[in-house]
2 protein chains.
Amino acid sequence: MEENTNYTEILKREGMKSTKHRNAILLLLEQSEDPITAEELYISLKENTALINLSTVYRTLDIFVSKNLVIKSTMDDGKARYELNHHEHKHHLFCVGCHKVISIEDCPMGELQESLKKKIDFDVTGHKLEIYGYCHNCKKV
Amino acid sequence: MEENTNYTEILKREGMKSTKHRNAILLLLEQSEDPITAEELYISLKENTALINLSTVYRTLDIFVSKNLVIKSTMDDGKARYELNHHEHKHHLFCVGCHKVISIEDCPMGELQESLKKKIDFDVTGHKLEIYGYCHNCKKV
DNA sequence: ATGCAAATGCAAGGCGTTTGCAAGTAAGTT
DNA sequence: AACTTACTTGCAAACGCCTTGCATTTGCAT
């Protein structure tokens, strides 16, 4: 899979038209280390790339999520954050100091899933783990 | 700690006036097996106990949360849910069929916390685990 | 080049939650 | 028991994040 310039093929493969906005959004998501909100995306696009409407950002992200290109996570501050789906299993660290979100690939689930099935007949289809605390920069003194 | 009738002492201890509404909300939370939304609380109060304003419900719940009497969890459907803080460590099962929320006391965290500290210098202060799937009643056929 | 379905901008709306303010009430003081 | 004062409540309006309807524009297959 080629790297950085154009996402036309990916979009086509998913049955979507390749547009300036969609390419720009995918590029921005690719460049962003950590999950970002729709509004952050919107502002960054407006300043650096192309004028775009916030509703287009939301619509585009929704489509990407439905195509599994993007992962959406709703955090405790009431805002959803989006990141490219690299198809790794991921969780998030949420810094209560600066609200930065960091993705990690560690996952402690494992046997709990089977235990729930046995104990209370609950079929797990997925899970979300948010870890709160202080990042390196915001450490408590 | 006495059981069911009146919460005046608890409220006083926390520096709050004991009011009809606050007692009713605490009672309802106590009677509710699983975490419930502010609106569910509001409706239940209106029908069974006392006319109350939705903003009062929110304000009261916020205070209870700030006093650590109640735990608030924001779920992926955009609604927060509230439950009495029994001071056990809890997580939630979220049924994607009927949107019922079930509290469990299992927790798979453990060593991940230390590992994060060592690996990326992140000081964990808390975490939230939401598990999605199908409850007994909504099992896939 | 042309035509059509899909994508976009715009403005309005939805939904859960919050807020400012005036009126009501709990509970300590007299 | 009445007085006082700060806390609590209802009401209506507003907020923040997100969604939607509709007219216009655009990608792209023909």
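Computed over heavy atoms, backbone and side chain alike; hydrogens, waters and symmetry mates excluded. Note that the structure is a prediction, hence the values are computed from the model and not measured. Chain identifiers are assigned alphabetically (A, B, ...) following the order of the sequence lines, protein sequences preceding nucleic acid strands; residue numbering begins at 1 within each chain.
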Would you please name every residue forming a salt bridge (Lys or Arg N to Asp or Glu O under 4.0 Å) with D106(B), sequence neighbours left out?
K119(A)
How close or far is atom C1' of dA6(C) from atom NZ of K67(A), stated in whole angstroms?
12 Å
Could you tell me the separation between the CG atom of L45(A) and the C1' atom of dG9(C), rounded to a whole number of Å?
15 Å
Y7(A) has an atom OH; how far is it from atom C1' of dA7(C), in whole Å?
20 Å
Report, one line per pair, each donor and acceptor closer than 3.5 Å where one atom sits in a side chain of residues 92-103 of chain B; sequence neighbours left out.
{"residue": "H92(B)", "atom": "NE2", "partner": "E83(B)", "partner atom": "OE2", "Å": "2.7"}
{"residue": "K100(B)", "atom": "NZ", "partner": "D34(B)", "partner atom": "OD2", "Å": "3.3"}
{"residue": "S103(B)", "atom": "OG", "partner": "E83(B)", "partner atom": "OE1", "Å": "3.0"}

Give the rounded distance in Å between these two atoms: CD of E9(A) and P of dC28(D).
12 Å
Among residues at least two apart in sequence or on other chains, which ones pass side-chain contact (heavy atoms from CB on, under 4.5 Å) with Q31(A)?
L27(A), L28(A)
Can you name the residues that form a ring-ring contact (aromatic ring centres under 6.0 Å, His included) with H91(B), not counting sequence neighbours?
H89(B), H127(B)
Can you tell me the distance, in whole Å, between the CD1 atom of I52(A) and the C1' atom of dT26(D)?
14 Å
Nearest-Å distance, CG (N23(A)) to P (dT26(D))?
16 Å
If a protein heavy atom is under 4.0 Å from the base, mark B; if only from the sugar-phosphate, S; if neither, -; do that for nucleotides 14-21 of chain C going 5' to 3'.
--SBBBB-
Produce the list of close N/O pairs, under 3.5 Å, pairing protein atoms with atoms of nucleotides 5-7 of chain D; give distances to one decimal.
{"residue": "dA6(D)", "atom": "N3", "partner": "K17(B)", "partner atom": "NZ", "Å": "3.4"}
{"residue": "dC7(D)", "atom": "O4'", "partner": "K17(B)", "partner atom": "NZ", "Å": "3.3"}

Atom-pair distance (CG on L61(A); P on dC18(D)), nearest Å:
10 Å
Once side-chain contact (heavy atoms from CB on, under 4.5 Å) is applied, do any residues pair with A24(B), and if so which ones, sequence neighbours excluded?
L45(B), T49(B)
Once you round it to whole Å, what is the distance between C1' of dA29(D) and NZ of K12(A)?
10 Å
Residues forming a side-chain contact (heavy atoms from CB on, under 4.5 Å) with Y58(B), sequence neighbours excluded
A38(B), L54(B), Y82(B)
Answer yes when K12(B) and E14(B) have at least one side-chain N-carboxylate O distance shorter than 4.0 Å, and no when they do not.
no
Residue set satisfying salt bridge (Lys or Arg N to Asp or Glu O under 4.0 Å) with R22(A), at least two apart, ordered chain then number -> none
Would a 4.5 Å heavy-atom cut-off, applied to side chains only, mark I131(A) and F122(B) as touching?
yes
Within less than 4.0 Å of OP1 or OP2 of dT25(C), is there a side-chain N or O belonging to H21(B)?
no
